[in-house]
Amino acid sequence: MEFSAKQIAEFLGGIVDGNENATVHTFAKIEEGVPGALSFLSNVKYTHYLYSTQSSVVLVNKDFQPEQPVSATLIRVDNAYESLAKLMSLYASMKPGRSGISSLASVSDKAKIGKNVYIGPFSVVEDGAVIGDNTQIYPHVTIGEGATVGADCIIYPHVTIYYACKVGNRCILHAGSVIGADGFGFAPTPQGYNKIPQIGIAELEDDVEIGANTCVDRSTMGHTVVRKGVKLDNLIQVAHNVEVGEHTVISAQTGIAGSSKVGAWCMLGGQSGVSGHLKIGDKVSFGAKTGVLSNVPDGETIMGYPAIGYRNFLRSSILVKQLPEMDATIRQLKKEIEELKAQLASK
């Protein structure tokens with residue numbers, strides 16, 4: 001399917017700079033552009049590719065001013081990256097969804113299955129489970145007893161949703177993710193560790209995306225909750241009784257320990273860690289590998305282990321590089337002080 005630059009600009013509310021009849025039928029990175037492709041430019045580091053790209057149409061921000069002639073047609077928009085996301089979402093929505101239940105799937109007669117649902121081979125839907133309309137369940141998925149999956153969800157292969165857990169509407173769960181495994185609760189005794197039963201659930205609200213092999217544990221009591229619009233990367237651990245606030249995004253290999261609360265619109269960098277029973281405020285940002293051992297107020301940007309303010313971390317990093325020279329200077333000063341003391345003592 002082809003679209004003209006004029007049609008795309010009208011959809012995005014943008015302005016065509018060049019040939020409004022230029023057509024595209026695919027997407028490409030600006031450095032790998034080919035005729036008939038649409039690319040985008042939002043990072044100034046890639047500006048030089050604009051002058052050589054073979055893409056037919058390029059999305060740019062409205063305030064962008066080229067320094068050389070550009071052969072591609074430009075579409076000027078408020079935010080090129082956001083506009084690209086809108087176009088790609090439109091493109092994805094045009095692909096026909098699967099429907100029907102495979103004869104190789106195991107679906108309980110006591111489960112409730114909505115309209116236009118696809119359930120792939122070797123998937124299991126247990127007693128009392130509820131699957132919403134238009135949801136796509138790929139092969140080898142397990143939906144546990146009494147679990148609920150909303151409408152318009154995509155559940156990729158090898159996902160496990162444990163009994164009684166809840167997944168909202170328009171959620172995407174990538175391969176191998178696990179919703180509702182037992183929280184890590186054990187009571188120490190002289191004989192070893194006794195398991196504390198985890199009798200709560202895990203709940204994902206609407207428009208949540210869970211990356212591959214990410215785990216959201218069920219709560220000891222009550223709910224582990226991932227609020228609406230949250231995006232979790234691959235290989236993340238969300239422990240029991242954790243709450244992740246609305247529209248927070250978390251990068252890969254991050255772990256949040258039990259009963260901690262992460263606020264709304266936060267950004268947690270990769271390989272970060274949050275200790276248990278903490279409160280992270282709204283609109284907090286973590287640099288990569290941040291280790292958080294205490295509460296963090298709203299709006300903070302932190303980094304390091306243990307975490308400190310971002311600017312303090314940068315200053316500390318500079319000082320760390322100077323430690324060998326500082327050590328040599330201190331040793332020299334100590335030697336000179338001892339020599340002075342000896343001279344004074346001899347008088």
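As the structure is a computational prediction, the values presented were derived from the model and not from experiment. Side chains included, hydrogens not; waters and symmetry mates left out as well; all remaining heavy atoms used. Position 1 is the first residue of the sequence; numbering continues from there.
Taken to the nearest 0.5 Å, the CG atom of Leu333 stands 11.0 Å off from the CE atom of Met326. With rounding to the nearest 0.5 Å, the separation of NZ in Lys289 from OG in Ser251 is 13.5 Å. Atom NE2 of His48 is separated from atom OG1 of Thr53 by 11.0 Å, given to the nearest 0.5 angstrom. With values rounded to the nearest 0.5 angstrom, Ile172 atom CD1 is found 12.5 Å from Leu204 atom CG. Residue His223 holds its NE2 atom at 9.5 Å from SG of Cys165, rounded to the nearest 0.5 Å. The CZ atom of Phe40 sits 10.5 Å away from the CG atom of Asn61 when rounded to the nearest 0.5 Å.
Taking the side chain to side chain contact (heavy atoms under 4.5 Å, CB included) definition, one finds that Val117 meets it with Ile113, Ile119, Ile131, sequence neighbours left out. Applying the side chain to side chain donor-acceptor pair (under 3.5 Å) criterion to His158, with sequence neighbours excluded, gives no partner residue. Judged as a side chain to side chain contact (heavy atoms under 4.5 Å, CB included), and not counting sequence neighbours, the contacts of Gln7 are Phe3, Ser4. Residues meeting the ring pair (Phe, Tyr, Trp, His ring centres under 6.0 Å) test with Tyr305, sequence neighbours left out: none. Under the side chain to side chain donor-acceptor pair (under 3.5 Å) criterion, Ser39 pairs with Ser55, not counting sequence neighbours. For the side chain to side chain donor-acceptor pair (under 3.5 Å) test, residues two or more places apart in sequence or in another chain that qualify with Gln253 are Gln271. Listed by chain and number, the residues in a ring pair (Phe, Tyr, Trp, His ring centres under 6.0 Å) with Phe313 amount to none (sequence neighbours excluded). Remark: Asn169 engages no residue in a side chain to side chain donor-acceptor pair (under 3.5 Å) (not counting sequence neighbours). Listed by chain and number, the residues in a side chain to side chain contact (heavy atoms under 4.5 Å, CB included) with Thr47 are Leu41, Val44, Tyr51, Phe64 (sequence neighbours excluded). Under the side chain to side chain contact (heavy atoms under 4.5 Å, CB included) criterion, Asp152 pairs with Asn134, Arg170, not counting sequence neighbours.
At a threshold of 4.5 Å between side-chain heavy atoms, the hydrophobic network of Ile, Leu, Val, Met, Phe, Trp and Tyr places Val107 and Tyr118 in two separate groups. Transitive grouping of hydrophobic side chains (ILVMFWY, heavy atoms separated by less than 4.5 Å) keeps Leu74 and Leu12 in distinct clusters. Both Val57 and Phe11 belong to a common hydrophobic cluster when Ile, Leu, Val, Met, Phe, Trp and Tyr are linked at side-chain heavy-atom distances under 4.5 angstrom. Residues Val249 and Val262 do not share a hydrophobic cluster, clusters being chains of Ile/Leu/Val/Met/Phe/Trp/Tyr side chains in contact below 4.5 Å. Both Ile256 and Leu278 are members of a single hydrophobic cluster when ILVMFWY side chains are connected at heavy-atom separations under 4.5 Å.
Atom CZ of Phe186 has more than 12 neighbouring heavy atoms from other residues, nucleotides or ligands inside a 6.0 Å radius. With a 6.0 Å radius and a threshold of 12 heavy atoms from other residues, nucleotides or ligands, Lys231 has its NZ atom above the threshold. The number of heavy-atom neighbours closer than 6.0 Å to NZ of Lys195, taken from other residues, nucleotides and ligands shown, is above 12. Within a 6.0 Å sphere centred on NZ of Lys261, other residues, nucleotides and ligands contribute more than 12 heavy atoms.
Evaluation of the side-chain hydrogen bond (donor to acceptor under 3.5 Å, both in side chains) test over residues 315-324, restricted to residues two or more places apart or in two chains, returns Asn312-Arg315. Within the structure, the salt bridge (Lys or Arg N to Asp or Glu O under 4.0 Å) test picks out the following pairs touching residues 64-91 (sequence neighbours left out): Asp17-Arg76, Lys62-Asp78.
Side chains of Lys335 and Arg331 form no contact here, defined as non-hydrogen atoms less than 4.5 Å apart. Within the 4.5 Å cutoff, the side chain of Val274 has no heavy atoms near those of the Val296 side chain. Residues Glu126 and Tyr163 fail the side-chain proximity criterion, which asks for heavy atoms closer than 4.5 Å. When side chains are defined from C-beta on, Leu87 counts as touching Phe27, because their heavy atoms get closer than 4.5 Å. Residues Phe286 and Ile250 are not in side-chain contact: their nearest non-hydrogen atoms beyond the backbone lie 4.5 Å or more apart. In this structure, the side chains of Leu84 and Leu38 come closer than 4.5 Å at one or more pairs of heavy atoms. In this structure, Ile161 and Leu173 have side chains that are in contact, with non-hydrogen atoms separated by less than 4.5 Å. Contact check for Ile154 versus Tyr138: side-chain heavy atoms found under the 4.5 Å cut-off.
A donor-acceptor pair under 3.5 Å links the side-chain atoms of Gln198 to the main chain of Ile196, judged by distance alone. Asn295 contributes a side-chain N or O that, together with a main-chain N or O of Lys279, makes up a donor-acceptor pair within less than 3.5 Å. For the pair Thr224 (side chain) and Ala202 (backbone), a donor-acceptor distance under 3.5 Å is absent. Judged purely by atom type and a 3.5 angstrom limit, Ser56 has no side-chain atom pairing as donor or acceptor with the backbone of Val24. At distances below 3.5 Å, not a single donor-acceptor pair connects side-chain atoms of Thr254 with backbone N or O atoms of Gly270. With hydrogens and angles disregarded, no donor-acceptor distance shorter than 3.5 Å links the side chain of Asn234 to the backbone of Gly211. With Asn43 contributing its side chain and Lys45 its backbone, the two residues share a donor-acceptor pair below 3.5 Å. Side-chain atoms of Asp133 never come within 3.5 Å of backbone atoms of Asn116 as a donor-acceptor pair (strictly under, hydrogens ignored). The backbone N or O of Thr301 lies less than 3.5 Å from no partner atom in the side chain of Ser285, so there is not a single donor-acceptor pair. The backbone N or O of His277 lies less than 3.5 Å from a partner atom in the side chain of Ser260, making a donor-acceptor pair.
Between the side chains of Glu339 and Gln343, no donor-acceptor pair of N or O atoms lies under 3.5 Å. Judged purely by distance below 3.5 Å, without hydrogens or angles, the side chains of Glu209 and His174 pair a donor atom with an acceptor atom. A donor atom on one side chain and an acceptor atom on the other are not found under 3.5 Å apart for Asn19 and Thr73.
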